[in-house]
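All values below come from the heavy atoms of this structure, side chains included, with hydrogens, waters and symmetry mates left out.
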Number of protein chains: 2
Amino acid sequence: MLGKTPRTRIQKKNHETILEAALDVFSGHGFRGATLDQIAVEAGLSKPNLLYYFPSKVAIHRALIDRLMVTWLDPLRELDAAGDPIEEILAYVLRKLSMAREYPRESRLFANEIVQGAPNITDKIDGELKSLVDEKTSVIKGWSDAGRIAKVDPYHLIFSIWATTQHYADFDAQIRGIIVTDGETHFDDARVFLDRLFRQMLSPNTEK
Amino acid sequence: MLGKTPRTRIQKKNHETILEAALDVFSGHGFRGATLDQIAVEAGLSKPNLLYYFPSKVAIHRALIDRLMVTWLDPLRELDAAGDPIEEILAYVLRKLSMAREYPRESRLFANEIVQGAPNITDKIDGELKSLVDEKTSVIKGWSDAGRIAKVDPYHLIFSIWATTQHYADFDAQIRGIIVTDGETHFDDARVFLDRLFRQMLSPNTEK
DNA sequence: CGTAGTCTTGACCAATTGGTCAAAGTGGCG
DNA sequence: CGCCACTTTGACCAATTGGTCAAGACTACG
């Protein structure tokens, strides 16, 4: 049996291979829709071999979620209370948009989980996620109260940033059906659009 | 066997009961995660009885999607080229937000499907959805070109409206974990926030 | 009533799926 | 080389799942 942390090189490599394959399969089919056989094939391993490295299907899923939860929240962590308010928030928007482009599978993994009621990650949502959001919303509220940005509900600001950026990863299939460009130019267009959208709202001078 | 349309009263009733139960189960677990037994229990019918009214699991899912596709696009259809541009778009935002509150299961049904690559509805996306969006974006572009609203990419405007409004239904579990209010006041807050967000962006006078 | 069509279900089936296990490899180190 | 821990897998299992079927129950209608 294996301990919590991989020790040998071969363990490290296969651990990685499995998680990579599992990310593909889980993000594309959801937890229930994914099968160990699919993951095994994708990883180039046999099913029992998978279960030599991870005790169960849920354990693989859990390991994925645990690992991703960290990097997923990084863009928000970097929001700097000491920086220029508007530029800080806009930089956060761009960071999130970049993650949607570069890590769409991770985005969909979370989306799948949350759409179905977040059965396996309620603890993480109520825990680290909530506390981080609480911290950053109070920073934003500080800026708002000081008149450095327009008066906005910081929670809904963050929700709208999440929604608009992750949308490009999570609803990619829909977007590709509507915008038929060959390349991925819509990410550039999205960058321009979202910058404008949030800049307008945050700008404090445009008060009535 | 049954024809395409229910004929007797009892058929009509059970058809309805099944679709209602199926909406619950499919929206909460995705297509693959949902089981006929769950739907049967939820509907208060036996599994073979389900299959008396629908030939297969996919047929139930298909019937749901078909039925919902119509009403789901209604808010966009109502966007009136003859109305006041800004108020038309803002009214559309509110209509979408209302649907997210009143029909969260429908929203999640679509979300589940699209996140996983829209395997069963690509035809509908490339068909009615795309043509409707094309039509309305050209209306918005007309307003934009005429200077009646700010210059914005109409496609990304619609995407951002979809994203921000549906987010309240699809990511409800996350929102509830972060905003701990007892009631559903966050829908009212969202209304205010989104109105402001999009009004600012669309307002033509705030040009540089 | 009776009977023909409609509706319902218990029993059953084949395929899939998560997981087990014992036995067979394989790598590295003295 | 020889040994031992680590790694891999074919065969197997019980549970679940979508779907079938034939027999029974119900309903409407003459």
Across the strands shown, which category fits A:A34 at heavy-atom distances under 4.0 angstrom: base, sugar-phosphate, nothing? sugar-phosphate
Per atom distances to the A:L36 side chain, the nearest of C:dT16, D:dG18, C:dG18 is C:dG18
Could you check which of C:dT8, D:dT8, D:dT17 has an atom nearest any side-chain atom of B:T35? D:dT17
Using a distance-only criterion (donor-acceptor N/O pair, under 3.5 Å, no hydrogens), is the base of C:dG19 paired with the side chain of A:K57? no
For A:F31 and C:dT17, give me the distance from atom CZ to atom P, rounded to whole Å. 13 Å
If you check every side-chain atom of B:D37, which of C:dC7, D:dT17, D:dC21 has the closest atom? D:dT17
A:Q11 has a side chain; which of D:dC6, C:dT8, C:dG19 sits nearest to it? D:dC6
So NZ of B:K124 and CG of B:L129: to nearest 0.5 Å the spacing works out to 11.0 Å
Counting heavy atoms from C-beta on, name the nucleotide in D:dT9, C:dT17, D:dC6 closest to the side chain of A:P48. D:dT9
Side-chain contact check for A:Y53: nearest option of C:dT8, C:dG28, D:dT8 is D:dT8
Search all heavy atoms of A:S107 against all heavy atoms of A:D170 and return the closest pair with its distance. OG-OD1, 2.7 Å
A:K57 side chain to A:T35 backbone, donor-acceptor under 3.5 Å: no
Aromatic plane relationship, B:F187 with B:Y168 - under 30° parallel, 30 to 60° tilted, over 60° perpendicular: tilted
Ignoring the backbone of B:R32, work out which of C:dG19, C:dT17, C:dG28 is nearest its side chain. C:dT17
Within the 4.0 Å heavy-atom criterion, would you say B:L45 contacts the bases, only the backbone, or no part of the nucleic acid? nothing
